[in-house]
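When a ligand or atom number is given, it counts from 1 through the structure's own listing order. Computed from heavy atoms alone, side chains included, the values below leave out hydrogens, waters and symmetry copies.
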Amino acid sequence: MTTTMNQLLDSVRVPPGKKIDLRNDYDPGSVGQFMSKQDAQDALSAGIQLLAQQQDKLYAQNTYALLVILQAMDAAGKDSTIKHVMSGVNPQGVQVTSFKVPSIEELDHDYLWRCSAVLPKRGNIGIFNRSYYEEVLVPRVHPEYLERQQLPPVLNDRDIWDRRFREINNFERYLFDNGIVVLKLFLNISKEEQKRRFIGRVDEPDKNWKFSAADIRERACWDQYMDAYEEMFNHTSTPYAPWYIIPADHKWFTRLAVISAIYETLDRLHLAYPKVTKEQKEALLVAKAEMEKENGDAAGEKKKAGKRRGKNT
Ligand code: ATP
Ligand code: MG
């Protein structure tokens with residue numbers, strides 16, 4: 001990864017403990033040092049290849065797991081980012097889970113339940129398309145969602161958000177201490193670009209299915225969501241699970257920044273293929289010799305059979 005991408009990642013990583021101003025400190029239209037999509041194409045292709053190599057080692061080593069959390073306002077490009085960024089990896093080692101409005105069954109459990117049930121296992125990459133972070137966003141903007149959660153009244157008080165931030169931090173610390181590395185990415189789209197994409201979804205028949213009236217209702221609450229996101233970043237960007245605020249007005253740049261963040265996170269793990277012991281190596285050589293002998297035997301058998309056939313004709 002280039003030094004410039006490293007610098008970009010440094011500038012979009014939310015410093016733990018620092019209060020940030022989402023609207024003024026982070027530009028959704030940024031494209032780093034790149035002039036155009038074509039300009040970034042080589043870097044993206046190289047990134048896809050590097051990620052595939054890292055995933056192979058992650059899988060073979062079977063020690064760490066990577067959990068990538070994607071959060072965003074609607075139409076920020078979560079789905080297409082997943083599609084492009086993961087295009088080179090072995091599907092066997094990746095699981096994507098999308099979290100929607102909680103079902104009746106999910107509401108009967110604590111809010112982390114549905115997410116803990118699908119955490120990636122060692123050697124795997126898990127992608128959460130939305131996550132437990134919705135729980136400090138949607139119910140803050142729409143308090144009726146909190147009412148549906150059947151919490152004991154004494155726990156449904158003003159302190160609930162601070163408690164949830166603490167619980168989430170503790171949960172992620174627990175994951176980190178167990179080898180599950182958490183990478184949190186917010187795709188930061190501007191309100192103008194969201195409008196452009198929504199209009200595109202209405203105008204283009206093949207995109208109509210992507211649009212719903214709920215999207216417009218949520219858009220109307222834009223400022224409340226930005227406030228909730230800001231609070232969330234200020235409380236939950238930690239040294240062991242930092243938030244990255246990825247510029248999302250240009251999809252090609254979002255993909256490059258996301259792949260760089262994943263690459264950088266995996267790179268820090270110093271992944272390597274498992275080393276075999278001297279005894280294991282010897283056993284492998286014995287197995288190889290046996291297989292080669294098998295070939296030799298088979299060739300010998302064939303020769304003999306040929307000779308027999310020759311005599312009989
Ligand atoms: P797209 O960007 O394509 O619209 P999406 O992730 O928004 O994808 P949808 O099916 O449109 O998927 O919407 C899922 C909805 O579920 C979102 O509005 C999200 O805020 C909501 N949601 C997810 N988790 C929760 C939760 N825990 N509580 C309340 N709402 C939630
Ligand atoms: Mg949606």
Visitor: Examine the proximity of ligand 1 to Ser212 and report which part, side chain or backbone, both or neither, has a heavy atom under 4.0 Å away.
Guide: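 Under 4.0 Å from ligand 1, Ser212 contributes no heavy atoms.
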Visitor: Give me the residue, atom name and distance of the protein heavy atom closest to atom 27 (N) of ligand 1.
Guide: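 For atom 27 (N) of ligand 1, the nearest protein heavy atom comes out as Glu135 OE2, 2.9 Å.
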Visitor: Kindly identify the option in Asn129, Val138, Asp215, Leu107 whose heavy atom sits closest to atom 29 (C) of ligand 1.
Guide: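 Looking at heavy atoms only, Val138 sits closest to atom 29 (C) of ligand 1.
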Visitor: Any side-chain donor paired with an acceptor under 3.5 Å for Asp21 and Tyr26?
Guide: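 Short answer, no.
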Visitor: Between Val101 and ligand 1, which residue portion shows a heavy-atom distance shorter than 4.0 Å: side chain, backbone, both, or neither?
Guide: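 The answer is both, backbone and side chain.
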Visitor: With heavy atoms only and a cut-off of under 4.0 Å, state how Lys78 meets ligand 1: side chain, backbone, both or neither.
Guide: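 For Lys78, the contact with ligand 1 is made by the side chain alone.
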Visitor: Which protein non-hydrogen atom lies closest to atom 4 (O) of ligand 1, naming both residue and atom, and how far is it?
Guide: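 The answer is Asp74 OD1, 3.2 Å.
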Visitor: Have a look at Asp74 and say which of its N, O or S atoms is nearest the Mg ion (ligand 2).
Guide: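 Result: OD1.
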Visitor: Run the numbers on Ser131 and Lys184 for side chain to side chain contact (heavy atoms under 4.5 Å, CB included), then give the verdict.
Guide: CA-CA 10 Å; Ser131 65; Lys184 304 181 301 200; over 6 Å; no
Visitor: Any atoms of ligand 1 less than 4.0 Å from a non-hydrogen atom of Ala75? List them with their elements.
Guide: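 By the 4.0 Å cutoff, the relevant atoms are 2 (O).
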Visitor: Tell me, which protein residue and heavy-atom name are nearest atom 20 (O) of ligand 1, and how many Å apart are they?
Guide: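 Here the closest protein heavy atom is Glu134 OE1, 2.6 Å.
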Visitor: Return yes when at least one protein heavy atom is under 4.0 Å from atom 18 (O) of ligand 1, and no when none is.
Guide: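 Given the 4.0 Å cut-off, atom 18 (O) of ligand 1 does not count as touching protein heavy atoms.
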Visitor: Begin from the C-alpha positions of Thr238 and Glu172 and carry the test side chain to side chain donor-acceptor pair (under 3.5 Å) through to its verdict.
Guide: CA-CA 9 Å; Thr238 56; Glu172 290 177 351; 4.8 Å; no
Visitor: To check your reading of the model: name the closest protein heavy atom to atom 3 (O) of ligand 1, its residue, and the distance in Å.
Guide: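 Residue, atom and distance for the closest contact: Asp79 OD2, 4.0 Å.
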Visitor: Enumerate the atoms of ligand 1 whose separation from the nearest heavy atom of Lys100 is less than 4.0 angstrom.
Guide: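 Every atom of ligand 1 under 4.0 Å from some heavy atom of Lys100: 9 (P), 10 (O), 12 (O), 14 (C), 16 (O), 22 (N), 23 (C), 24 (N), 25 (C).
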Visitor: First locate atom OH of Tyr64, then atom CG of Asn124, and finally report the distance between them rounded to the nearest 0.5 Å.
Guide: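 Reported value, rounded in 0.5 Å steps: 16.0 Å.
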Visitor: Going by an N to O cut-off under 4.0 Å, is there a salt bridge joining Arg114 and Glu105?
Guide: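 Here Arg114 does not pair with Glu105 in a salt bridge, since their nearest N and O are not under 4.0 Å apart.
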Visitor: May I ask you to list the atoms of ligand 1 that are less than 4.0 angstrom from any heavy atom of Phe99?
Guide: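 So the atoms of ligand 1 that pass are 23 (C), 24 (N).
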Visitor: Thinking salt bridges, do Glu264 and Arg13 make one under a 4.0 Å N-O criterion?
Guide: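 So Glu264 pairs with Arg13 through a salt bridge.
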Visitor: Do the non-hydrogen side-chain atoms of Tyr244 and Leu183 ever get within less than 4.5 Å of each other?
Guide: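 In contact.
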Visitor: Looking at the Mg ion (ligand 2), is one of the N, O or S atoms of Asp215 less than 2.8 Å from it?
Guide: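 No N, O or S atom of Asp215 is closer than 2.8 Å to the Mg ion (ligand 2), so no.
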Visitor: Does one side chain, of Asn169 or Thr236, offer a donor that lies under 3.5 Å from an acceptor on the other?
Guide: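 Not at all, the side chains of Asn169 and Thr236 share no donor-acceptor pair under 3.5 Å.
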Visitor: Would you mind checking if Lys210 and Asp74 are paired as a salt bridge, meaning a charged N to carboxylate O distance below 4.0 Å?
Guide: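 The answer is no: the pair does not qualify as a salt bridge.
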Visitor: Report the part of Arg130 in contact with ligand 1, treating N, CA, C, O as backbone and CB onward as side chain, heavy atoms under 4.0 Å; options are side chain, backbone, both, neither.
Guide: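 The answer is the side chain.
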Visitor: Looking at Tyr133, Phe128, Tyr132, which hits ring-ring contact (aromatic ring centres under 6.0 Å, His included) with Phe99?
Guide: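 Only one option passes, and that is Phe128.
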Visitor: Which of these, Ser98, Ala76, Ser131, Pro102, has its nearest heavy atom closest to atom 28 (N) of ligand 1?
Guide: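 Ranked by closest heavy atom to atom 28 (N) of ligand 1, first place is Pro102.
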Visitor: Of the backbone atoms (N, CA, C, O) and the side-chain heavy atoms from C-beta on, which set of Arg114 has a member under 4.0 Å from an atom of ligand 1: side chain, backbone, both, or neither?
Guide: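 Contact part for Arg114 vs ligand 1: side chain (C-beta onward).
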Visitor: So that I can tick it off, tell me whether Arg196 and Glu193 are bridged by a salt bridge, with the cut-off set at under 4.0 angstrom between side-chain N and carboxylate O.
Guide: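 Counted as a salt bridge, because a side-chain N and a carboxylate O are separated by less than 4.0 Å.
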